[in-house]
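Lettering follows sequence order; numbering is per chain, from 1. Both backbone and side-chain heavy atoms feed into the values below; hydrogens, waters and symmetry mates do not.
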2 protein chains.
Amino acid sequence: MAITIKEIAKLAGVSKSTVSRVINDSEHVSDKAREKVQQVIKETGYVPNSLAKNLKRNQTDTIGVVLPKINTSTFSSAVEGISNVMYQNGYNLLLTNTKLNVKDEITYLNLLKEKRVRGILFFATEITDDHLEALNKIDIPVVIIGQDTSEIFDFPCVIQDDFDAAKSIVNHLIQQGHQDIAYIGVEENDVAVGQLRKLGYFEALQENDLKTFSDYIYKGDFSIESGWQGMKKIINRVERLPSAVFAVTDRLALGAIKYLKQNGYQVPEDISIVGIGNSDISPWVDPGITTINYDHEQTGEEASQILLKYINGTKREEKKVMDYQIIKRDSVAQI
Amino acid sequence: MAITIKEIAKLAGVSKSTVSRVINDSEHVSDKAREKVQQVIKETGYVPNSLAKNLKRNQTDTIGVVLPKINTSTFSSAVEGISNVMYQNGYNLLLTNTKLNVKDEITYLNLLKEKRVRGILFFATEITDDHLEALNKIDIPVVIIGQDTSEIFDFPCVIQDDFDAAKSIVNHLIQQGHQDIAYIGVEENDVAVGQLRKLGYFEALQENDLKTFSDYIYKGDFSIESGWQGMKKIINRVERLPSAVFAVTDRLALGAIKYLKQNGYQVPEDISIVGIGNSDISPWVDPGITTINYDHEQTGEEASQILLKYINGTKREEKKVMDYQIIKRDSVAQI
DNA sequence: TTGTATGCGTTATCAA
DNA sequence: TTGATAACGCATACAA
């Protein structure tokens with residue numbers, strides 16, 4: 001059992017109140033008493049019990065983070081950004097990892113409420129009725145990251161413009177002369193990545209009077225392996241080879257490139273490839289991947305700022321759409 | 001202000017004690033009272049205040065994690081493993097990110113003490129006198145990850161066998177006929193990566209009566225860019241080209257490969273390259289990188305298990321050296 | 001400037 | 001089976 005304020009008081013020959021005043025840099029403490037108390041604290045290595053402090057103050061300095069997977073650069077970068085901002089503002093991070101298990105999200109939301117966290121940063125993938133119920137009852141400031149929930153919830157959200165970004169990168173392909181563009185994506189329960197990026201792809205094609213074929217469409221998961229598999233499936237079943245491939249993430253693009261190289265195709269000479277996300281390895285692989293850059297760290301920072309405003313009760317932004325840029329590298333050929 | 005047990009009691013027409021018993025699945029509650037209380041809890045969305053509970057019980061279910069950088073696959077994978085084990089055992093994670101700032105480590109250690117976390121997982125890079133002082137006073141179970149501190153501290157530690165691993169992979173190069181092997185490493189304040197891996201390199205050379213030249217040695221940081229720079233420096237200053245390069249991480253290897261390809265060298269035909277770490281992208285880049293596999297997720301899990309044992313006061317392992325394997329891919333040629 | 005007393009929300013002890 | 005009450009460690013209003 002750790003040492004308490006009471007014992008410090010006894011050792012220093014003062015009352016608990018005086019010790020408390022010293023700890024909190026309060027006025028009205030004689031230099032003599034202050035010195036004595038500080039000395040005793042140093043000797044004993046006393047550290048105040050923040051449980052008691054927070055109970056008394058009825059608020060904590062902890063921010064809860066709910067995220068689907070930690071070891072993915074998108075999320076870990078965002079957490080990096082979050083920790084930057086939150087630490088500067090005196091908050092700590094309670095991290096909960098749902099491992100892509102949607103049910104756990106509800107569990108964790110309740111856990112965070114139990115912990116009386118000051119606010120919650122919620123990385124959403126899909127939003128179910130259970131989410132609705134849990135979030136509506138939570139009574140804690142929440143900012144949602146990654147999915148546009150502005151029409152469902154009264155909470156602010158921070159999103160990438162997935163639709164526009166996908167459309168832009170596919171348009172870039174079209175501008176380079178590509179007409180037969182295949183698609184390697186993910187399942188559609190993830191609205192932002194699975195649905196919006198696909199819609200962007202279709203819209204770009206449509207606006208340019210281009211057709212797509214079901215042969216050209218592959219949906220898998222988020223793994224690099226899935227990109228490899230997708231490329232394989234497409235290559236093997238297709239009548240006419242696509243001249244370009246739009247992969248909805250850089251990791252998928254990397255897998256696709258690997259398959260092509262292993263099977264004697266040159267990238268971009270034979271087939272061009274683009275991704276989305278600008279993974280940290282994308283400039284370094286061969287060829288460097290042309291992609292959309294989102295600054296995930298900045299997304300985390302932005303979401304944190306919005307949450308802080310929310311907590312402090314000042315103005316409340318409803319929806320923040322993060323910027324993106326096309327990064328042109330060497331995976332696209334002009335034809 | 002959230003609703004409290006007192007109000008639940010009033011609404012349910014029972015005493016606080018009865019509500020508490022219902023919450024904690026205690027015996028000695030009539031079905032009628034139980035039902036009534038549960039109903040009120042459901043209606044109000046009441047969630048117990050864990051601050052008060054923990055204060056009363058004088059212990060928390062929180063594990064503190066101190067780590068130098070989140071968005072690095074080594075660390076984020078380890079955190080993934082940690083969250084696996086800790087969640088299963090009913091613990092939550094309080095995450096602190098030092099951003100490679102050693103001074104912050106001390107700050108965070110104190111913060112975690114203030115929070116009365118149940119145990120600490122400490123990812124160490126270097127150990128200073130300040131660390132010694134802080135850790136010796138902490139009075140909370142700590143497990144150190146990544147650096148061998150068994151001779152300095154009375155805390156358990158979980159490490160990779162960096163020396164052996166480096167020696168093995170360099171030996172593999174030698175077995176493939178390489179004699180001129182360059183080194184791309186990191187600064188030596190990081191004992192495990194900066195010192196031990198270099199020592200393993202030297203020892204492998206020495207045991208095989210091979211020489212190295214100062215021209216062959218480059219030390220930078222952990223970025224992919226640094227691998228690129230290192231390769232450039234070595235290529236440009238060397239009299240005789242090395243036939244192989246040992247990079248102390250896969251990311252450094254990736255940077256080195258990029259430089260070589262950009263400058264007309266073929267990997268592995270002209271120069272072979274190996275790394276350490278088996279990054280998730282290493283099988284997918286071109287060529288696939290021959291490397292040492294550490295299972296970081298498992299490292300996190302192992303450290304968590306040890307911490308749990310420590311917390312529960314059962315047997316205490318002093319030092320756990322994690323296993324490794326050589327993964328042979330396509331970045332090494334036989335000569 | 002200092003100390004005493006009270007309460008934060010919960011659990012646990014004891015008596016009813 | 002229930003309820004009143006004390007206690008956890010701290011901050012604070014108030015009295016001295």
Cut-off 3.5 Å, side chains only: do A:D190 and A:Q195 have a donor facing an acceptor? no
Below the 4.0 Å mark, does C:dG9 have OP1 or OP2 next to a side-chain nitrogen or oxygen of B:Y46? no
Nearest to the side chain of A:V14 - C:dT10, C:dG3, C:dG9? C:dG3
What is the separation between atom NZ on B:K6 and atom P on D:dT5, rounded to the nearest whole Å? 13 Å
Which nucleotide in C:dT10, D:dC10, D:dA4 has an atom nearest any side-chain atom of A:K53: D:dC10
When you measure from the side chain of B:S76 to the backbone N and O of B:T72, does any donor-acceptor pair fall under 3.5 Å? yes
Just say parallel, tilted or perpendicular for the rings of B:F122 and B:H131, cut-offs at 30° and 60°. perpendicular
Return yes if a side-chain donor-acceptor contact under 3.5 Å exists between B:D148 and B:S150, otherwise no. yes
Taking the six-membered ring for Trp, are A:Y87 and B:Y108 parallel (under 30°), tilted (30 to 60°) or perpendicular (over 60°)? tilted
Could you tell me how the ring of B:F155 sits relative to the ring of B:F153: parallel (under 30°), tilted (30 to 60°) or perpendicular (over 60°)? tilted
note: A:N54, atom CG; C:dG9, atom C1'; distance rounded to Å ~ 13 Å
Round to the nearest Å and state the distance from A:I23 atom CD1 to D:dG9 atom C1'. 10 Å
Does a side-chain N-to-carboxylate-O contact under 4.0 Å join B:D104 and B:K99? no
Compute the bend angle of the helix from C:dT1-D:dA16 to C:dA16-D:dT1 from the end axes (five pairs per end), rounded to 10°. 40°
Is the phosphate of D:dG3 approached by B:T18 (side-chain N or O, under 4.0 Å from OP1 or OP2)? yes
With rounding to the nearest 0.5 Å, note down the distance linking SG in B:C157 to CD1 in B:I144. 6.5 Å
Between CG of A:L55 and P of D:dT12 the distance, given in whole Å, is 13 Å
Between D:dG3, C:dT10, C:dT2, which nucleotide has the shortest distance from any of its atoms to the side chain of A:H28? C:dT2
Look up atom CD in B:E187 and atom CZ in B:F222, then write down how far apart they are to the nearest 0.5 Å. 10.0 Å
B:K69 and B:N97: side chain donor to acceptor below 3.5 Å: no
Test: A:R118 and A:D61 ion pair at under 4.0 Å: no
Considering just the side-chain nitrogens and oxygens of A:T4, establish if one lies under 4.0 Å of OP1 or OP2 belonging to D:dG9. no
DNA chain D-proximal residues of residues 30-40 of chain B, any heavy atom under 4.0 Å: B:S30, B:A33
Show me the protein contacts with nucleotides 12-16 of chain C, counting only N or O atoms at under 3.5 Å.
none

Indicate whether any N or O donor in one side chain lies under 3.5 Å from an N or O acceptor in the other, for B:Q59 and B:R116. no
How many Å lie between NZ on B:K115 and C1' on D:dC10, as a whole number? 14 Å
Tell me: CG of B:N49 to P of C:dG7, nearest whole Å? 18 Å
Please state how far atom NZ in B:K10 lies from atom P in C:dG9, giving the value in whole angstrom units. 12 Å
Quick one: B:I41 CD1 to C:dT10 P, roughly how many Å, whole number? 10 Å
